[in-house]
Amino acid sequence: MWPSCRNLRHHGGMTRRLAEVARKVGVSEATVSRVLNGKPGVSSSTRAAVLTALDVLGYERPTQLRGERARLVGLVLPELQNPIFPAFAEIMGNALAQQGFTPVLCTRTAGGVSEADYVELLLAQQVSGVLFAGGAYASADASHEHYHLLTERNLPTVLVNAAVEDLGFPRVSCDDAVAAEQALTHLTSLGHSRVGMVLGPPDHVPSRRKLAAFTAAASRTGLDVPAEWVGHAMFSLEGGQAAAARLIERGVTGIVCASDPLALGTVRAARRRGLAVPHDLSVIGYDDSAFMNCTDPPLTTIRQPIEAMGRAAVDLLTVQINGAEVAAEELLYEPELVVRGSTAPAPR
(Lines give C-alpha, C1' and ligand atoms only; values in the text may rest on other atoms or scores of the structure.)
Protein backbone atom coordinates (compact mmCIF):
# COMPACT_ATOMS: atom_id res chain seq x y z
CA MET A 1 0.00 0.00 0.00
CA TRP A 2 1.13 3.57 -0.60
CA PRO A 3 1.51 6.07 2.27
CA SER A 4 -1.52 8.02 3.42
CA CYS A 5 -1.73 11.55 2.10
CA ARG A 6 -0.18 14.31 4.20
CA ASN A 7 -0.64 18.03 3.82
CA LEU A 8 2.54 19.87 2.85
CA ARG A 9 1.72 22.80 5.13
CA HIS A 10 1.63 20.79 8.35
CA HIS A 11 3.32 17.83 9.99
CA GLY A 12 6.53 19.56 11.11
CA GLY A 13 6.69 22.61 8.90
CA MET A 14 6.94 23.55 5.24
CA THR A 15 10.74 23.75 5.15
CA ARG A 16 11.31 20.14 6.15
CA ARG A 17 8.71 19.00 3.61
CA LEU A 18 10.36 20.98 0.82
CA ALA A 19 13.71 19.48 1.73
CA GLU A 20 12.29 15.95 1.65
CA VAL A 21 10.78 16.43 -1.81
CA ALA A 22 13.95 18.15 -3.08
CA ARG A 23 16.14 15.23 -1.90
CA LYS A 24 13.80 12.76 -3.57
CA VAL A 25 14.06 14.54 -6.94
CA GLY A 26 17.66 15.75 -6.65
CA VAL A 27 16.86 19.45 -7.10
CA SER A 28 16.97 22.53 -4.87
CA GLU A 29 14.24 23.48 -2.43
CA ALA A 30 13.80 26.67 -4.43
CA THR A 31 12.96 24.61 -7.52
CA VAL A 32 10.39 22.59 -5.56
CA SER A 33 8.87 25.84 -4.29
CA ARG A 34 8.63 27.25 -7.84
CA VAL A 35 6.76 24.14 -8.98
CA LEU A 36 4.36 24.21 -6.05
CA ASN A 37 3.62 27.88 -6.61
CA GLY A 38 3.20 27.54 -10.38
CA LYS A 39 6.18 29.82 -11.16
CA PRO A 40 7.96 29.73 -14.57
CA GLY A 41 11.58 28.76 -15.13
CA VAL A 42 11.29 25.01 -14.44
CA SER A 43 11.56 22.40 -17.19
CA SER A 44 8.55 20.17 -17.82
CA SER A 45 10.51 17.03 -16.87
CA THR A 46 11.63 18.54 -13.53
CA ARG A 47 8.11 19.76 -12.86
CA ALA A 48 6.73 16.26 -13.54
CA ALA A 49 9.40 14.72 -11.28
CA VAL A 50 8.48 17.04 -8.39
CA LEU A 51 4.78 16.24 -8.72
CA THR A 52 5.55 12.51 -8.84
CA ALA A 53 7.68 12.85 -5.70
CA LEU A 54 4.75 14.50 -3.91
CA ASP A 55 2.55 11.54 -4.82
CA VAL A 56 5.14 8.92 -3.88
CA LEU A 57 5.87 10.58 -0.53
CA GLY A 58 2.16 10.82 0.20
CA TYR A 59 1.77 14.61 0.30
CA GLU A 60 -1.34 16.34 -0.95
CA ARG A 61 -0.77 18.40 -4.06
CA PRO A 62 -1.53 22.14 -3.91
CA THR A 63 -5.14 22.75 -4.91
CA GLN A 64 -4.24 24.22 -8.30
CA LEU A 65 -2.25 21.09 -9.22
CA ARG A 66 -4.71 18.42 -8.13
CA GLY A 67 -6.37 18.16 -11.52
CA GLU A 68 -3.17 16.89 -13.12
CA ARG A 69 -2.43 13.22 -13.26
CA ALA A 70 0.62 11.94 -11.47
CA ARG A 71 3.35 10.09 -13.34
CA LEU A 72 2.29 6.97 -11.49
CA VAL A 73 1.06 3.84 -13.23
CA GLY A 74 -0.95 1.15 -11.48
CA LEU A 75 0.38 -2.37 -12.03
CA VAL A 76 -2.41 -4.72 -10.96
CA LEU A 77 -1.62 -8.43 -10.55
CA PRO A 78 -3.73 -11.30 -9.20
CA GLU A 79 -0.95 -12.81 -7.05
CA LEU A 80 2.80 -13.18 -6.64
CA GLN A 81 2.98 -16.92 -5.82
CA ASN A 82 2.92 -17.92 -9.48
CA PRO A 83 6.40 -16.86 -10.69
CA ILE A 84 5.05 -15.59 -14.00
CA PHE A 85 3.46 -12.55 -12.33
CA PRO A 86 6.59 -11.23 -10.57
CA ALA A 87 8.35 -11.72 -13.91
CA PHE A 88 5.76 -9.59 -15.71
CA ALA A 89 5.94 -7.01 -12.90
CA GLU A 90 9.72 -6.73 -13.23
CA ILE A 91 9.63 -6.31 -17.01
CA MET A 92 6.80 -3.80 -17.06
CA GLY A 93 8.11 -1.94 -14.02
CA ASN A 94 11.53 -1.49 -15.62
CA ALA A 95 9.98 -0.40 -18.92
CA LEU A 96 7.82 2.16 -17.12
CA ALA A 97 10.80 3.54 -15.19
CA GLN A 98 12.72 3.97 -18.44
CA GLN A 99 9.87 6.16 -19.69
CA GLY A 100 9.77 8.28 -16.54
CA PHE A 101 6.85 6.60 -14.74
CA THR A 102 6.70 5.12 -11.25
CA PRO A 103 4.89 1.77 -11.03
CA VAL A 104 2.49 1.23 -8.12
CA LEU A 105 2.23 -2.51 -7.50
CA CYS A 106 -1.24 -3.73 -6.51
CA THR A 107 -1.55 -7.43 -5.68
CA ARG A 108 -4.83 -9.06 -4.73
CA THR A 109 -4.90 -11.42 -1.74
CA ALA A 110 -7.59 -13.76 -0.47
CA GLY A 111 -9.83 -11.77 1.86
CA GLY A 112 -7.79 -8.64 1.20
CA VAL A 113 -8.07 -5.65 -1.12
CA SER A 114 -10.02 -6.52 -4.26
CA GLU A 115 -9.19 -5.49 -7.80
CA ALA A 116 -12.16 -3.11 -7.75
CA ASP A 117 -10.84 -1.54 -4.53
CA TYR A 118 -7.44 -1.06 -6.12
CA VAL A 119 -9.00 0.68 -9.12
CA GLU A 120 -10.72 3.17 -6.80
CA LEU A 121 -7.48 3.78 -4.90
CA LEU A 122 -5.53 4.30 -8.13
CA LEU A 123 -8.12 6.74 -9.44
CA ALA A 124 -7.89 8.67 -6.17
CA GLN A 125 -4.11 8.86 -6.63
CA GLN A 126 -4.59 10.50 -10.07
CA VAL A 127 -2.48 7.82 -11.79
CA SER A 128 -1.57 8.29 -15.44
CA GLY A 129 -2.70 4.81 -16.44
CA VAL A 130 -3.20 1.20 -15.37
CA LEU A 131 -1.67 -2.10 -16.55
CA PHE A 132 -3.46 -5.33 -15.66
CA ALA A 133 -2.00 -8.83 -15.88
CA GLY A 134 -4.33 -11.76 -15.19
CA GLY A 135 -7.22 -9.76 -13.79
CA ALA A 136 -10.95 -10.27 -13.43
CA TYR A 137 -11.27 -9.37 -17.11
CA ALA A 138 -10.18 -12.95 -17.88
CA SER A 139 -13.13 -14.43 -15.95
CA ALA A 140 -16.45 -14.33 -17.78
CA ASP A 141 -18.49 -14.67 -14.58
CA ALA A 142 -16.63 -12.01 -12.57
CA SER A 143 -17.83 -8.45 -12.01
CA HIS A 144 -16.39 -6.01 -14.55
CA GLU A 145 -17.94 -2.79 -13.25
CA HIS A 146 -14.62 -1.35 -12.12
CA TYR A 147 -13.31 -1.48 -15.70
CA HIS A 148 -16.20 0.75 -16.76
CA LEU A 149 -14.98 3.32 -14.22
CA LEU A 150 -11.67 3.45 -16.09
CA THR A 151 -13.50 3.91 -19.38
CA GLU A 152 -15.66 6.71 -17.93
CA ARG A 153 -12.53 8.53 -16.72
CA ASN A 154 -10.86 7.94 -20.10
CA LEU A 155 -7.87 6.57 -18.21
CA PRO A 156 -5.24 4.82 -20.38
CA THR A 157 -5.47 1.09 -19.68
CA VAL A 158 -3.90 -2.06 -21.16
CA LEU A 159 -4.74 -5.69 -20.41
CA VAL A 160 -2.21 -8.52 -20.61
CA ASN A 161 -3.64 -11.80 -21.94
CA ALA A 162 -7.12 -12.73 -23.07
CA ALA A 163 -10.16 -10.85 -21.81
CA VAL A 164 -13.92 -11.05 -22.05
CA GLU A 165 -15.32 -9.23 -25.05
CA ASP A 166 -16.44 -5.61 -25.23
CA LEU A 167 -14.33 -4.05 -22.47
CA GLY A 168 -12.85 -1.70 -25.04
CA PHE A 169 -9.19 -1.82 -23.97
CA PRO A 170 -6.12 -2.75 -26.03
CA ARG A 171 -4.74 -6.19 -25.12
CA VAL A 172 -1.38 -7.92 -25.41
CA SER A 173 -1.82 -11.69 -25.37
CA CYS A 174 0.01 -14.94 -25.84
CA ASP A 175 -1.74 -16.98 -28.55
CA ASP A 176 -3.60 -19.63 -26.56
CA ALA A 177 -4.66 -21.50 -29.70
CA VAL A 178 -1.09 -21.89 -30.92
CA ALA A 179 0.01 -22.99 -27.43
CA ALA A 180 -2.61 -25.75 -27.29
CA GLU A 181 -1.77 -26.96 -30.79
CA GLN A 182 1.96 -27.03 -30.00
CA ALA A 183 1.36 -29.12 -26.88
CA LEU A 184 -0.95 -31.60 -28.62
CA THR A 185 1.37 -31.97 -31.62
CA HIS A 186 4.29 -32.73 -29.31
CA LEU A 187 2.40 -35.43 -27.42
CA THR A 188 0.92 -37.08 -30.51
CA SER A 189 4.39 -37.16 -32.08
CA LEU A 190 5.41 -39.23 -29.05
CA GLY A 191 2.58 -41.68 -29.68
CA HIS A 192 0.06 -40.40 -27.11
CA SER A 193 -3.59 -40.78 -28.07
CA ARG A 194 -5.19 -40.43 -24.61
CA VAL A 195 -4.38 -36.79 -23.86
CA GLY A 196 -6.22 -34.70 -21.28
CA MET A 197 -6.11 -31.11 -20.09
CA VAL A 198 -5.97 -29.42 -16.68
CA LEU A 199 -7.28 -25.89 -17.11
CA GLY A 200 -8.32 -22.94 -14.99
CA PRO A 201 -11.95 -22.38 -13.93
CA PRO A 202 -14.62 -22.98 -16.61
CA ASP A 203 -15.22 -19.23 -17.09
CA HIS A 204 -11.49 -18.46 -17.58
CA VAL A 205 -11.19 -17.02 -21.09
CA PRO A 206 -7.60 -18.14 -21.88
CA SER A 207 -8.48 -21.68 -20.71
CA ARG A 208 -11.56 -21.64 -22.93
CA ARG A 209 -9.39 -20.65 -25.88
CA LYS A 210 -6.89 -23.40 -25.17
CA LEU A 211 -9.63 -26.01 -24.88
CA ALA A 212 -11.35 -24.94 -28.12
CA ALA A 213 -8.09 -25.06 -30.07
CA PHE A 214 -7.04 -28.34 -28.44
CA THR A 215 -10.29 -30.15 -29.29
CA ALA A 216 -10.29 -28.75 -32.84
CA ALA A 217 -6.71 -29.87 -33.42
CA ALA A 218 -7.46 -33.29 -31.93
CA SER A 219 -10.48 -33.68 -34.19
CA ARG A 220 -8.39 -32.90 -37.27
CA THR A 221 -6.02 -35.73 -36.34
CA GLY A 222 -8.81 -38.16 -35.56
CA LEU A 223 -8.37 -38.10 -31.78
CA ASP A 224 -11.15 -37.95 -29.23
CA VAL A 225 -11.06 -35.61 -26.23
CA PRO A 226 -14.04 -36.70 -24.10
CA ALA A 227 -15.27 -34.26 -21.47
CA GLU A 228 -14.03 -36.52 -18.66
CA TRP A 229 -10.46 -35.98 -19.88
CA VAL A 230 -10.72 -32.23 -19.18
CA GLY A 231 -10.32 -30.99 -15.60
CA HIS A 232 -10.87 -27.49 -14.23
CA ALA A 233 -9.17 -26.10 -11.13
CA MET A 234 -8.04 -22.95 -9.38
CA PHE A 235 -4.58 -21.90 -10.51
CA SER A 236 -2.53 -23.58 -7.78
CA LEU A 237 -0.40 -26.64 -7.23
CA GLU A 238 -3.13 -28.16 -5.06
CA GLY A 239 -5.79 -27.47 -7.68
CA GLY A 240 -3.67 -29.13 -10.35
CA GLN A 241 -3.09 -32.16 -8.17
CA ALA A 242 -6.80 -32.70 -7.50
CA ALA A 243 -7.87 -32.24 -11.13
CA ALA A 244 -5.05 -34.40 -12.50
CA ALA A 245 -5.80 -37.24 -10.07
CA ARG A 246 -9.23 -37.59 -11.64
CA LEU A 247 -7.80 -37.64 -15.18
CA ILE A 248 -5.16 -40.23 -14.26
CA GLU A 249 -7.91 -42.49 -12.94
CA ARG A 250 -9.56 -42.25 -16.37
CA GLY A 251 -6.48 -43.56 -18.12
CA VAL A 252 -4.86 -40.57 -19.83
CA THR A 253 -1.16 -40.90 -20.67
CA GLY A 254 -0.50 -37.22 -21.30
CA ILE A 255 -1.79 -34.04 -19.64
CA VAL A 256 -1.53 -30.48 -20.96
CA CYS A 257 -1.83 -27.84 -18.23
CA ALA A 258 -2.81 -24.16 -18.36
CA SER A 259 0.00 -23.05 -16.00
CA ASP A 260 3.26 -24.34 -14.59
CA PRO A 261 1.91 -24.64 -11.01
CA LEU A 262 -0.96 -26.78 -12.36
CA ALA A 263 1.64 -28.95 -14.11
CA LEU A 264 3.68 -29.37 -10.92
CA GLY A 265 0.48 -30.40 -9.13
CA THR A 266 -0.08 -32.95 -11.91
CA VAL A 267 3.40 -34.40 -11.38
CA ARG A 268 2.63 -34.71 -7.67
CA ALA A 269 -0.69 -36.46 -8.41
CA ALA A 270 1.09 -39.00 -10.60
CA ARG A 271 3.66 -39.76 -7.92
CA ARG A 272 0.99 -40.14 -5.24
CA ARG A 273 -0.42 -42.94 -7.41
CA GLY A 274 2.98 -44.57 -7.83
CA LEU A 275 3.41 -43.42 -11.43
CA ALA A 276 6.63 -42.07 -12.89
CA VAL A 277 6.83 -38.87 -14.94
CA PRO A 278 7.48 -39.14 -17.87
CA HIS A 279 7.65 -42.96 -18.11
CA ASP A 280 3.98 -43.48 -17.17
CA LEU A 281 2.58 -39.98 -17.67
CA SER A 282 3.78 -37.06 -19.79
CA VAL A 283 3.09 -33.54 -18.48
CA ILE A 284 3.26 -30.17 -20.24
CA GLY A 285 3.03 -26.83 -18.42
CA TYR A 286 2.39 -23.29 -19.59
CA ASP A 287 4.40 -20.06 -19.04
CA ASP A 288 7.98 -21.38 -18.60
CA SER A 289 8.18 -19.44 -15.35
CA ALA A 290 11.28 -19.30 -13.17
CA PHE A 291 12.99 -22.55 -12.12
CA MET A 292 10.93 -24.87 -14.35
CA ASN A 293 14.24 -26.16 -15.71
CA CYS A 294 15.19 -27.12 -12.13
CA THR A 295 12.17 -29.24 -11.24
CA ASP A 296 12.27 -33.04 -11.06
CA PRO A 297 11.95 -33.84 -13.88
CA PRO A 298 12.62 -30.52 -15.64
CA LEU A 299 9.26 -29.38 -16.99
CA THR A 300 8.34 -29.42 -20.65
CA THR A 301 6.28 -26.25 -21.02
CA ILE A 302 4.96 -23.57 -23.38
CA ARG A 303 6.95 -20.36 -23.01
CA GLN A 304 5.15 -17.02 -23.07
CA PRO A 305 7.35 -14.28 -24.63
CA ILE A 306 6.90 -12.14 -21.54
CA GLU A 307 9.74 -9.71 -22.34
CA ALA A 308 8.18 -8.73 -25.66
CA MET A 309 4.65 -8.78 -24.26
CA GLY A 310 5.49 -6.67 -21.20
CA ARG A 311 7.30 -4.02 -23.21
CA ALA A 312 4.53 -3.91 -25.81
CA ALA A 313 1.95 -3.37 -23.05
CA VAL A 314 3.95 -0.44 -21.65
CA ASP A 315 4.40 1.05 -25.13
CA LEU A 316 0.65 0.86 -25.77
CA LEU A 317 -0.01 2.54 -22.42
CA THR A 318 2.48 5.38 -22.84
CA VAL A 319 1.19 6.14 -26.34
CA GLN A 320 -2.25 6.65 -24.79
CA ILE A 321 -0.85 8.73 -21.93
CA ASN A 322 0.83 10.98 -24.49
CA GLY A 323 -2.55 11.67 -26.07
CA ALA A 324 -2.66 9.34 -29.06
CA GLU A 325 -5.53 6.95 -29.68
CA VAL A 326 -4.91 3.21 -29.59
CA ALA A 327 -7.36 0.76 -31.13
CA ALA A 328 -9.04 -1.68 -28.74
CA GLU A 329 -7.41 -4.60 -30.51
CA GLU A 330 -5.50 -7.66 -29.35
CA LEU A 331 -1.85 -8.14 -30.22
CA LEU A 332 -1.15 -11.88 -30.31
CA TYR A 333 2.36 -13.12 -29.52
CA GLU A 334 3.42 -16.61 -30.53
CA PRO A 335 4.52 -18.96 -27.73
CA GLU A 336 7.38 -21.46 -27.90
CA LEU A 337 7.38 -25.13 -26.91
CA VAL A 338 10.30 -25.84 -24.57
CA VAL A 339 10.95 -29.60 -24.45
CA ARG A 340 12.54 -30.90 -21.25
CA GLY A 341 12.25 -34.06 -19.20
CA SER A 342 8.55 -34.33 -18.30
CA THR A 343 7.45 -35.74 -21.67
CA ALA A 344 8.40 -39.07 -23.28
CA PRO A 345 6.95 -41.68 -25.65
CA ALA A 346 3.57 -43.07 -24.64
CA PRO A 347 3.74 -46.16 -22.40
CA ARG A 348 3.05 -49.44 -24.15
| query | When you look at CD of Gln99, are more than 12 heavy atoms from neighbouring residues, nucleotides or ligands closer to it than 6.0 Å? | reply |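 Counting other residues, nucleotides and ligands, CD of Gln99 exceeds 12 neighbours.
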| task | Evaluate whether atom NE2 of His279 has more than 12 neighbouring non-hydrogen atoms of other residues, nucleotides or ligands under 6.0 angstrom away. | result |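 Not more than 12 within 6.0 Å, no.
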What distance do [X] atom [atom1] and [Y] atom [atom2] have between them, rounded to the nearest 0.5 Å?
X      : Y      : atom1 : atom2 : result
Asn82  : Leu77  : CG    : CG    : 10.5 Å
His232 : Arg208 : NE2   : CZ    : 9.0 Å
His204 : Asp176 : NE2   : CG    : 8.0 Å
Leu155 : Leu149 : CG    : CG    : 10.5 Å
Asn322 : Ser128 : CG    : OG    : 9.5 Å

Contact summary for [X] and [Y], nearest pair of heavy atoms:
X      : Y      : result
Val277 : Ala270 : CG2-CB, 3.8 Å
Ser139 : Asp203 : CB-OD2, 3.4 Å
Ala133 : Pro78  : O-CD, 2.8 Å
Tyr333 : Pro305 : CB-CG, 3.7 Å

Any non-hydrogen side-chain atom of [X] less than 4.5 Å from a side-chain atom of [Y]?
X      : Y      : value
Leu122 : Val104 : yes
Leu331 : Arg171 : no
Val73  : Val127 : no
Val50  : Val21  : yes
Phe214 : Val225 : yes
Thr188 : Leu223 : yes

| task | Evaluate side-chain contact (heavy atoms from CB on, under 4.5 Å) for Thr221 paired with Thr185, printing each intermediate quantity in order. | result | CA-CA 10 Å; Thr221 57; Thr185 299; over 6 Å; no
| Quick one: do the Glu115 and His146 side chains pair a donor with an acceptor below 3.5 Å? |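 Note: Glu115 and His146 side chains meet the donor-acceptor criterion.
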| request: Decide whether Ser282 and Thr343 meet the rule of one side-chain donor and one side-chain acceptor closer than 3.5 Å. | output: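 On atom types as modelled, these side chains do not qualify, holding no pair under 3.5 Å.
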So, does [X] use its side chain to make a donor-acceptor pair with the main chain of [Y] at under 3.5 Å?
X      : Y      : answer
Ser342 : Val283 : yes
Asp260 : Ser289 : yes
Ser219 : Thr215 : no
Arg303 : Leu337 : no

| query | Should Thr253 and His192 be marked as a side chain to side chain donor-acceptor pair (under 3.5 Å) after you check the CA-CA gap, both sets of side-chain angles, and the distance that decides it? | reply | CA-CA 7 Å; Thr253 63; His192 292 270; 2.7 Å; yes
| task | Applying side-chain contact (heavy atoms from CB on, under 4.5 Å), run through Phe85 and Thr107 and close with a yes or a no. | result | CA-CA 10 Å; Phe85 293 118; Thr107 308; over 6 Å; no
| task | Applying side-chain contact (heavy atoms from CB on, under 4.5 Å), run through Leu281 and Thr266 and close with a yes or a no. | result | CA-CA 9 Å; Leu281 180 74; Thr266 298; 4.1 Å; yes
| field | In one Ile/Leu/Val/Met/Phe/Trp/Tyr side-chain cluster, 4.5 Å: Leu199, Ile284 | value |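 The answer is yes; both residues are in one hydrophobic cluster.
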| request: With sequence neighbours left out, write down each residue that passes side chain to side chain contact (heavy atoms under 4.5 Å, CB included) with Pro335, or none if nothing qualifies. | output: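 By the side chain to side chain contact (heavy atoms under 4.5 Å, CB included) rule, Pro335 matches Cys174, Asp175, Val178, Ala179, Gln182, Ile302.
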Output yes when [X] and [Y] qualify as a salt bridge under the 4.0 Å nitrogen-oxygen rule, no when they do not.
X      : Y      : result
Glu181 : Arg220 : yes
Arg209 : Glu330 : yes
Glu307 : Arg311 : yes
Glu228 : Arg250 : no
Arg340 : Asp288 : yes

| Step-by-step ring-ring contact (aromatic ring centres under 6.0 Å, His included) determination, Tyr147 to Phe132 | CA-CA 11 Å; Tyr147 298 116; Phe132 291 89; 5.3 Å; yes
| message | Go through it in stages, so that I can follow the logic: the residues are Val158 and Gln320, the test is side-chain contact (heavy atoms from CB on, under 4.5 Å), and I'd like the CA-CA distance, side-chain angles, deciding distance and then a yes or no. | response | CA-CA 10 Å; Val158 177; Gln320 294 177 74; 3.5 Å; yes
| query | Checking side chain to side chain contact (heavy atoms under 4.5 Å, CB included) against Leu131, which of Leu96, Val160, Val76 comes through? | reply |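 Going through Leu96, Val160, Val76 one by one, the side chain to side chain contact (heavy atoms under 4.5 Å, CB included) with Leu131 is satisfied by Leu96 alone.
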| From Leu316, Leu317, Thr318, residue fulfilling side chain to side chain contact (heavy atoms under 4.5 Å, CB included) relative to Val314 |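 Exactly one candidate clears the test, Thr318.
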